[in-house]
Amino acid sequence: LSFVSFLSDKEIRAALRTEGLSGLHDRLDLRRVSAFDLAASSAPVTFLDEHFRCVPHLIGFSADRFYDGRLTVATRHPRNESVLAIDVRRVTGERTNGVNAAEVDAAVELVAELLASTSGTIGVVSPYRPQVDALRHALGERIPIEQLQLGRVRAATVHGMQGAECDVVIASFGVSANGRGRAFLEDPNLFNV
């Protein structure tokens, strides 16, 4: 994923001016060009082509859709080749002020069920900060503090969850029937995480 910057163009220009670097603004545009972007522009990039984290048909979608089949799934084993790893639960509700409260309720209910029935870690991910804030608040209100202190539950944005591992992940897309919030589904990098 590309990084998220909360700096304004005005703040960046002022910092570059202070450091005598105004002439490098096009290459030091911290809102649009990351340290990775700078390094990748001057050195070859190595594609990591093996995947070791997910059951085959879960990563299979991403391998085909986002990596054009160049990704080798290294987790193939007769015990997991046909494991069902995706369960879709449709939830109706409207997105208000960036939050779909019906999705929040459904996600927290599912977390409670999983805490009672499994011993693994649970991640709750959403592309939208207001949805994550609502999820965190609801988890804090409805899940016993003793359960939360065990560190088995984590709620974060897609950017915050990138690179993390959980035994179960609940995706709360924060969308509405009226189409609000669907832009996330059109960004392959966000959706892939």
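Along the sequence shown, residues carry numbers from 1.
Separation of atoms CD1 (Ile59) and CZ (Arg76) is listed at 10.5 Å; rounding is to 0.5 Å. Atom CG of residue Asp133 and atom CG of residue Asn97 lie 12.5 Å apart, to the nearest 0.5 angstrom. To the nearest 0.5 Å, atoms CD (Glu50) and CZ (Arg70) are separated by 14.0 Å.
Judged as a side chain to side chain donor-acceptor pair (under 3.5 Å), and not counting sequence neighbours, Asp64 has no contacts. Taking the side chain to side chain donor-acceptor pair (under 3.5 Å) definition, one finds that Asn80 meets it with nothing, sequence neighbours left out.
Side-chain heavy atoms closer than 4.5 Å link hydrophobic residues (I, L, V, M, F, W, Y) into clusters, and following such links, possibly through other members, connects Leu135 to Leu115. Note: the hydrophobic cluster containing Phe47 also contains Val73 (ILVMFWY, side chain heavy atoms under 4.5 Å, direct or indirect links). Leu148 and Val168 end up in the same hydrophobic cluster when Ile, Leu, Val, Met, Phe, Trp and Tyr side chains are linked at under 4.5 Å.
In this structure, Leu71 and Ala63 approach most closely via the heavy-atom pair CB-CB, 4.0 Å. Nearest heavy-atom pair across Ala156 and Arg136 is CA-NH2, 3.8 Å. The two residues Val55 and Ala85 come nearest to each other via the heavy atoms CG2-CB, 3.5 Å.
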Are Val124 and Arg154 close enough, and set up right, to give a side-chain contact (heavy atoms from CB on, under 4.5 Å), and what steps lead you there? CA-CA 6 Å; Val124 186; Arg154 177 179 181 201; over 6 Å; no
Carefully, step by step, assess Arg152 and Thr118 under the rule side-chain contact (heavy atoms from CB on, under 4.5 Å). CA-CA 10 Å; Arg152 291 181 49 211; Thr118 67; 3.6 Å; yes
Output, in order, the C-alpha distance, side-chain angles, deciding distance and verdict of side-chain contact (heavy atoms from CB on, under 4.5 Å) for Ile170 and Ile122. CA-CA 8 Å; Ile170 300 167; Ile122 304 162; 4.0 Å; yes
Would you sort out whether Met161 and Thr157 count as a side-chain contact (heavy atoms from CB on, under 4.5 Å), showing the intermediate values? CA-CA 6 Å; Met161 192 67 74; Thr157 62; over 6 Å; no
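Looking at Thr121, its side chain does come within 3.5 Å of a backbone N or O of Asp167 through a donor-acceptor pair. A distance-only check finds a donor-acceptor pair linking the side chain of Thr75 to the backbone of Cys54 [under 3.5 Å].
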N/O donor to acceptor pairs below 3.5 angstrom from side-chain atoms of residues 98-114, sequence neighbours left out:
residue: Asn100; atom: OD1; partner: Ala102; partner atom: N; Å: 3.1
residue: Asn100; atom: OD1; partner: Glu103; partner atom: N; Å: 3.1
residue: Asn100; atom: ND2; partner: Gly93; partner atom: O; Å: 3.3
residue: Asn100; atom: ND2; partner: Val175; partner atom: O; Å: 2.6
residue: Glu103; atom: OE1; partner: Ser172; partner atom: OG; Å: 2.8
residue: Glu103; atom: OE1; partner: Phe173; partner atom: N; Å: 3.1
residue: Glu103; atom: OE1; partner: Gly174; partner atom: N; Å: 2.7
residue: Glu103; atom: OE2; partner: Gly174; partner atom: N; Å: 3.3
residue: Glu103; atom: OE2; partner: Val175; partner atom: N; Å: 3.4
residue: Asp105; atom: OD1; partner: Arg142; partner atom: NH1; Å: 3.0
residue: Asp105; atom: OD1; partner: Arg142; partner atom: NH2; Å: 2.7

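Side-chain atoms of Asp49 and Thr72 form no donor-acceptor pair, as typed in the model, at a separation below 3.5 Å.
Using a 4.5 Å heavy-atom threshold, the side chains of Tyr128 and Arg95 count as touching.
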